[in-house]
Amino acid sequence: MSGSGSSHGHGTQQILVTGLSLAFGLTVIPFLIVATGMFETETALFAIALLAVIQVVVHLVYFLHLDFTKKGGWTLLSFVFTITVVALFVGGSLWIMYHLNTNMMPPDMMVDHMMKENMR
């Protein structure tokens, strides 16, 4: 670490400090939103979700160095594949758990559930 512009494999120290600052800010802001109660519940949830998505992008760009250049194509492709597999696992698990819950209900709860479903 000889200077502020020294290279650390993928990025300079300035890029890493910028990413760290953004990540820290995007972590503190949701805590402030909740602690101060500055928004209504729905607005706070939306703001926190938006800040979470922005923080994921910051981590991908500043720390994992994903970009849309031709040079980084394989990295981006493997990331998209990973996200697809994780989404399939999570979605499939939720689907299985929902159907297990529905199919394993006691008979009296099943009648109530079927009545509610027919009313829709």
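If you're wondering where the values come from, they're calculated on a predicted model, not measured in any experiment.
Residue Phe63 holds its CZ atom at 5.5 Å from CG of Leu20, rounded to the nearest 0.5 Å.
Between His99 and Trp95, the ring planes are perpendicular. Angles over 60° get that label, and only those under 30° would be called parallel.
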Task: Leu16 and Tyr62: CA distance, side-chain angles, deciding distance, side chain to side chain contact (heavy atoms under 4.5 Å, CB included) verdict - done: CA-CA 6 Å; Leu16 294 174; Tyr62 284 96; over 6 Å; no
Open item on the list: Please determine whether side chain to side chain contact (heavy atoms under 4.5 Å, CB included) holds for the pair Ile54 and Leu50, giving the CA-CA distance in whole Å, both sets of side-chain angles, and the decisive distance to 0.1 Å.
Closed with: CA-CA 6 Å; Ile54 293 170; Leu50 182 65; 4.1 Å; yes
Open item on the list: For Ile48 and Val34: C-alpha separation, side-chain torsions, deciding distance, then whether side chain to side chain contact (heavy atoms under 4.5 Å, CB included) applies.
Closed with: CA-CA 9 Å; Ile48 292 169; Val34 172; 3.7 Å; yes
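Hydrophobic clustering (ILVMFWY, side-chain heavy atoms < 4.5 Å, transitive): Phe89 and Phe81 are in one cluster. Taken together through direct or relayed side-chain contacts under 4.5 Å among Ile, Leu, Val, Met, Phe, Trp and Tyr, Val58 and Val53 form parts of separate hydrophobic clusters. Under a hydrophobic-cluster definition in which Ile, Leu, Val, Met, Phe, Trp and Tyr are linked whenever side-chain heavy atoms come within less than 4.5 Å, directly or via other members, Leu60 and Ile83 are assigned to the same cluster.
In this structure a side-chain-to-backbone donor-acceptor pair under 3.5 Å is missing from Thr43 to Phe39.
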Identify every side-chain donor-acceptor pair in residues 24-33 under 3.5 Å, counting partners at least two apart or on other chains, and give the distances.
| from | atom 1 | to | atom 2 | distance (Å) |
| --- | --- | --- | --- | --- |
| Thr27 | OG1 | Ala23 | O | 2.8 |
| Thr27 | OG1 | Gln55 | NE2 | 2.8 |

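Heavy atoms of other residues, nucleotides or ligands lying less than 6.0 angstrom from CD of Glu117 number more than 12. Annotation: Met38, atom CE; neighbour count of heavy atoms from other residues, nucleotides and ligands within 6.0 Å is above 12.
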